[in-house]
Amino acid sequence: MAILVTGGAGYIGSHTCVELLKDGYDVIIVDNFYNSKPEALRRVKAISGRDFKFYECDILDAESLSKIFDENKIDSVIHFAGYKAVGESCQIPLTYYNNNITGTIVLCEVMAAHGCKNLVFSSSATVYGAPKKIPMTETDPVDIEGVTNPYGRTKLIIEEMLKDLYRSDNEWNIALLRYFNPIGAHESGMIGEDPNGIPNNLMPYISQVAIGKLEQLSVFGDDYPTHDGTGVRDYIHVVDLARGHVAALGWIGKKRGLDWFNLGTGVGYSVLDIVRSFEKVNGVTINYKIGPRRPGDIAVCYSDPTKAKEQLGWQAQRGIDEMCRDTWNWQKKNPNGFDNAD
Ligand code: NAD
Ligand code: UD1
């Protein structure tokens, strides 16, 4: 069965392609390398020991996308391609709306024109906005007012758009996967997260402090109502997240229509829990100081992952120590990410 993976050279996409290839799927990757490098694809091949088709293509380019569907018998699409930097989305919102929303419209139109109506979409826990209760369950309402940035709003708008698409045509099978905080790397240390410039997210920042590229972590606030005052999140190992996509494909194969699922562990860790675990597991010291809160941050966010367990048959397997170990393994083996490889 052939699966088209948009954004397959990126962080989550590359790990998902490894799992798909491992499970015997034929994989076709589309990426324009806006935020990724060709080396990631060479390593996907090396890890899996299997080849796949690759098209360097922008998903906004309907004609090229259409040719890919003409040339291949595509059963389902996993759609990762999009822009994801929260801060940047506030500076250039139209670029984000265009790439994320128009990109998804173009993709769905081309899919429909080729009779391919099976889609797995990369959504985010951000669609819940400011949490009304913890843990977050799929019955909680989405909250456009509570989403603090254009990036997050693109995810919510795409979810609503895909629901309308399904209402208009019940032949579609669509899984909306709401990721919590993906971290970690493949255990081989060959692929991992390779952020551009100074990382915004916690784990890549910690690992760059550990390797000496950055001097000090600033912990954004220690006066939140949490066990140690620092923000609590549901960190999930990227390989577990990747397995969640394979499980979603199985669900789609049963022609279930449209539904949405939390992909998280159900366990919340604070910023200082992560720092301490990283230090303990990897035998390193993280230089940090307590700084002010980051605007837009919430105190606590973690999932109830029961629905994914019951309906997708999926559950995260890897704990915080493995997440810290694998991040460090990737960082040590690739101090400059994929940069010196091309
Ligand atoms: P990433 O930036 O590493 O991967 C996205 C890939 O899409 C990149 O390889 C990029 O080059 C490609 N791309 C972007 N626009 C494209 C276009 N127009 N045409 C073709 N390719 C294009 O990001 P990621 O962390 O792997 O995230 C994947 C998806 O999951 C994104 O949609 C993101 O919004 C979503 N998501 C990520 C997180 C996270 O914390 N990483 C959390 C929630 C949701
Ligand atoms: C952020 C995005 C979210 C996106 C997610 C991807 C915001 C408001 N939300 O979530 O839309 O889907 O990344 O993983 O930006 N922290 C520090 N110091 C740092 C960096 C982070 O203390 O240098 C803290 C944060 O305050 C937070 C925790 O670490 O408590 C996690 O932060 P981060 O990795 O940026 O993820 P989120 O804020 O949960």
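In this text, all values refer to a predicted model and were calculated from it rather than measured experimentally. Whatever order the structure lists ligands and atoms in, that order sets their numbers, starting from 1.
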If I compare all heavy atoms of R256 with all of N173, which pair ends up nearest, and what's the gap?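 Looking at all heavy atoms of both residues, the shortest contact is N-OD1, 3.2 Å.
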When every non-hydrogen atom of P199 is compared with those of L214, the smallest separation belongs to CD-CD1, 3.9 Å
Looking at [X], which atoms of ligand 2 are within less than 4.0 Å of one of its heavy atoms?
X: S124; result: 12 (O)
X: V219; result: 22 (O)
X: Y235; result: 28 (C), 29 (O), 31 (C)

So is there a nitrogen or oxygen of [X] less than 3.5 Å from a nitrogen or oxygen in ligand 1?
X: V30; result: no
X: Y83; result: no
X: Y179; result: no
X: F180; result: no
X: A81; result: no
X: A9; result: no
X: N99; result: yes
X: S124; result: no

Using 30° and 60° as the class limits, which term best fits the ring planes of [X] and [Y]: parallel, tilted or perpendicular?
X: H245; Y: Y179; result: perpendicular
X: F69; Y: H114; result: tilted
X: W251; Y: F261; result: perpendicular

For G319, is there any backbone N or O sitting under 3.5 Å from a side-chain donor or acceptor partner on E322?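 At least one qualifying donor-acceptor pair exists.
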Any donor-acceptor pair under 3.5 Å from K117 side chain to G115 backbone: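 Flag not set: sc K117 to bb G115 has no pair under 3.5 Å.
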Considering only heavy atoms, does S218 approach ligand 2 within less than 4.0 Å through its side chain, its backbone, both, or neither?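 For S218, the contact with ligand 2 is made by the backbone alone.
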Region of V86 engaging ligand 2 - heavy atom pairs below 4.0 Å: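 Only the side chain of V86 comes within reach of ligand 2.
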Can [X] and [Y] be counted as having a side-chain donor-acceptor contact under 3.5 angstrom?
X: S270; Y: D273; result: yes
X: S303; Y: N262; result: no
X: R43; Y: N334; result: yes
X: D222; Y: T230; result: no
X: Y96; Y: N149; result: no

Starting from [atom], what is the nearest protein heavy atom, named by residue and atom, and what distance separates them?
atom: atom 36 (O) of ligand 2; result: N181 ND2, 3.1 Å
atom: atom 27 (C) of ligand 2; result: R233 NH2, 3.7 Å
atom: atom 27 (O) of ligand 1; result: I12 CD1, 3.7 Å
atom: atom 34 (O) of ligand 2; result: L202 N, 2.9 Å
atom: atom 35 (O) of ligand 2; result: R294 NH2, 2.8 Å
atom: atom 19 (C) of ligand 2; result: F220 CE1, 3.2 Å

Tell me whether ligand 1 is touched by [X] - counting only heavy atoms on the residue side and a distance under 4.0 Å.
X: P182; answer: yes
X: A40; answer: no
X: H79; answer: no
X: G8; answer: no

Minimum distance, heavy atoms only, to [atom]: which one of [options] is it?
atom: atom 24 (C) of ligand 2; options: V232, N149, I206, V271; answer: V271
atom: atom 30 (O) of ligand 2; options: G231, P295, C301; answer: G231
atom: atom 25 (C) of ligand 2; options: I274, D297, D234; answer: D297
atom: atom 6 (C) of ligand 2; options: N200, N201, T148; answer: N201

Establish, yes or no, whether a centroid distance under 6.0 Å links the rings of F54 and F33. yes
Among the heavy atoms of G152, does any lie under 4.0 Å from an atom of ligand 2? no
For E171, is the CD atom crowded, meaning more than 12 foreign heavy atoms sit under 6.0 Å from it?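 Open: at most 12 neighbouring heavy atoms sit under 6.0 Å from CD of E171.
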Per-atom contacts of ligand 1 with F33, taking only distances under 4.0 Å to non-hydrogen atoms: 11 (O)
